[in-house]
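Atom set for the values below is all heavy atoms of this structure, side chains included, hydrogens, waters and symmetry mates excluded. In this text the structure is predicted, and so the values were computed from the model without any measurement.
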Amino acid sequence: MIAPSLIANEAGIGVEALFSLAKTATEQGAFEEARSSLVSILELSDDNLQKAGTHTLIAKSYIQQKDWNPSLACIERAEELLKQCQQDNEVWGGAMIDMLLVKANVLYFNGLSQPLLDECLDQLNPLMADFGSSQQRLLFYMNIYLSMLRRHHWYNLPLEAITHSLHTMELAKKLNNASDIVHCYAQVGMVHIFRNEYKEAISFFKSCLDITGEKANQWLPLVFNYLAVSYRMTGKVNECERWARKSLESSIEQKNIIYEAMSKANLAYICIKRGDYAGAVSLGEYSYQTLTQVRHNFIWLTVMPLIAGLIQQNKIMECGPYVCTLFYPIRKRLPEPMENSLRQGVQYWWQGRKDEMVVCLNDALFYAELTGHL
C-alpha cells in the first residue's frame, strides 16, 4: 500500500491536507500512515512552530500505539523547537500546552519519575490559565488522572479518582468529540478496575463500544484488553477469552505490540484455567519478553499464569527471575498477603531453597485465585 503522504506529495497537496490525512489515519488506528503524513509536513515546512507541533503529533501517535521510546525523542525535539520561537503570544502558548500535554503522557508511559511528571503538570497550570482551550483543559485533566494512577501504584484508588474521572467525562460530552468521550469512558472504567469494582468497569468499557462499534478505532485495543482483564478478575473464563482474542486481533492490526503482549498474557491465564500448562508458559514467555522490555506497570498479568504453568511442570527454580520482575519500582501494587508470599519466595530462590520457595509461590497463587489475579 502506498503511504497517503507520498500520494499527497506527488499530487502537490499542501500542509493542511497532510494534517487532515494524518488526523483521519489516527482516528482509524493507522498510526504508521499518520506518521508518514506528518513526516512529509516536516519536509515541507520551514516554520519552527509548525514543526514543533508536528513533532508533538508524531510523539502522540507513538504513545497511542504504545511504542514509548520513540515518543521521548520526538517530544524532546518539539520542546527544543518551541524554545526557539517567540514566547509571548497565543499561538505559541497553545503549541506549548499541546507539547506539555503529550510530554506528560510520555513521562507516564516511559515510567519516568513522578517528580518529573508533577513538574510537567505544574508548568501546564499557568499556561492553561493564559492560553488553554476547553479541549486542552480536558487533556490536562486526563493527565492529572494518569499522575493519580502512578501516585497510588494503580491500587485501591481513592474516591476522588472516580469523581475526577466522571468530571472529565462530563467535560468531554460537552465538547462532543466521540474519540475523547470514548477515551474518558475508558478512563472511568480503568479507575473502577483499580478500585476492584469490575461490574462498573465492564459497564463503562461496553459504553465505549456502544459509541464507536468494533472496527477501525484507535481505542479498540485498550477497550478490548481491559474488558478481558475485568472478566479475568471476576473469573469469567469464556468472556475473558472472547475479549482477549478481540484485543489480540485489533492490536496486531494496529501494530500495537504492548497490547498484543497483554492480550497473550490474558490468553495464558485462559490456558491455566483449562489445564494447558505448556500453552500458558509459551504465551507467558512471549508476553513477558515484550512487557519487561518497557518495564510495564502490569507485568503481573503475564507473571502469574507463567509461574503457575512452570510449577505444574515442576520447574520451580525457573520461576525466580519472573517473580523478581513483580517488584520493579514503578509497577502495580498487588494485595499485601500476595506480595508478602512472593517476596519470601524470591528470598528462598536466592538461597537455593526450592522446597520452601514452592510453598510460598503456591500460597501466592492461592491468594491470586481468591482475588482474581489468576
Side-chain angles (χ1 to χ4, degrees), residues 1-68 70-87 89-103 105-106 131-140 142 172 175-183 211-213 215-222 250 253-256:
M1 179 178 178
I2 300 174
S5 59
L6 296 180
I7 297 171
N9 284 346
E10 289 177 6
I13 296 176
V15 168
E16 286 189 14
L18 287 167
F19 272 125
S20 180
L21 285 169
K23 181 176 183 292
T24 300
T26 297
E27 289 171 351
Q28 294 177 348
F31 299 110
E32 288 188 351
E33 291 181 17
R35 285 195 292 275
S36 179
S37 293
L38 293 169
V39 167
S40 291
I41 293 171
L42 293 176
E43 294 167 354
L44 291 172
S45 178
D46 57 3
D47 183 317
N48 278 352
L49 198 58
Q50 189 174 71
K51 289 166 73 173
T54 305
H55 279 293
T56 296
L57 289 173
I58 293 172
K60 185 175 181 179
S61 79
Y62 278 120
I63 285 292
Q64 288 174 302
Q65 202 173 20
K66 294 297 180 284
D67 191 359
W68 299 325
S71 67
L72 189 58
C74 291
I75 209 64
E76 286 174 349
R77 180 59 180 149
E79 192 166 15
E80 179 185 327
L81 285 165
L82 282 169
K83 288 177 181 176
Q84 299 172 22
C85 299
Q86 184 180 348
Q87 300 182 13
N89 62 68
E90 191 171 336
V91 176
W92 174 86
M96 191 68 176
I97 290 171
D98 285 341
M99 183 277 296
L100 288 170
L101 288 169
V102 176
K103 182 180 179 180
N105 270 213
V106 170
F131 304 110
S133 66
S134 296
Q135 175 68 29
Q136 289 171 326
R137 185 159 296 280
L138 171 67
L139 297 175
F140 183 47
M142 289 181 179
L175 295 175
N176 199 31
N177 179 287
S179 179
D180 288 336
I181 293 170
V182 169
H183 192 183
I211 298 168
T212 66
K215 292 183 180 178
N217 183 274
Q218 59 185 306
W219 301 114
L220 288 182
L222 181 153
S250 64
E253 182 180 342
Q254 295 189 19
K255 299 181 181 179
N256 189 324

Is there a side-chain contact between [X] and [Y], using heavy atoms and a 4.5 Å cut-off?
X     : Y     : result
Leu42 : Ile58 : yes
Leu44 : Leu18 : yes
Leu57 : Thr54 : no
Thr56 : Lys60 : no

Hey, is the main chain of [Y] close enough, under 3.5 Å, to the side chain of [X] for a donor-acceptor pair?
X      : Y      : result
Gln254 : Phe31  : no
Gln135 : Leu175 : no
Ser40  : Ser36  : yes

Item to check | Set of residues satisfying side-chain contact (heavy atoms from CB on, under 4.5 Å) with respect to Asn48, sequence neighbours excluded | outcome: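 Result, side-chain contact (heavy atoms from CB on, under 4.5 Å) vs Asn48: Lys51, Leu81, Gln84, Cys85.
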Next on the checklist: If you apply the rule side-chain contact (heavy atoms from CB on, under 4.5 Å), what do you find for Ile41 with Leu38, and how did you get there?
Outcome noted: CA-CA 5 Å; Ile41 293 171; Leu38 293 169; 4.1 Å; yes
Item to check | Closest non-hydrogen atom pair between Ala52 and Ala78, with its separation | outcome: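 That would be O-CB, 3.4 Å.
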Item to check | Trace of the side-chain contact (heavy atoms from CB on, under 4.5 Å) decision for Gln136 with Phe131 | outcome: CA-CA 9 Å; Gln136 289 171 326; Phe131 304 110; 5.7 Å; no
Next on the checklist: Show, in sequence, the C-alpha distance, side-chain angles and deciding distance for Glu80 and Arg77, and conclude whether the salt bridge (Lys or Arg N to Asp or Glu O under 4.0 Å) test is met.
Outcome noted: CA-CA 5 Å; Glu80 179 185 327; Arg77 180 59 180 149; 2.8 Å; yes
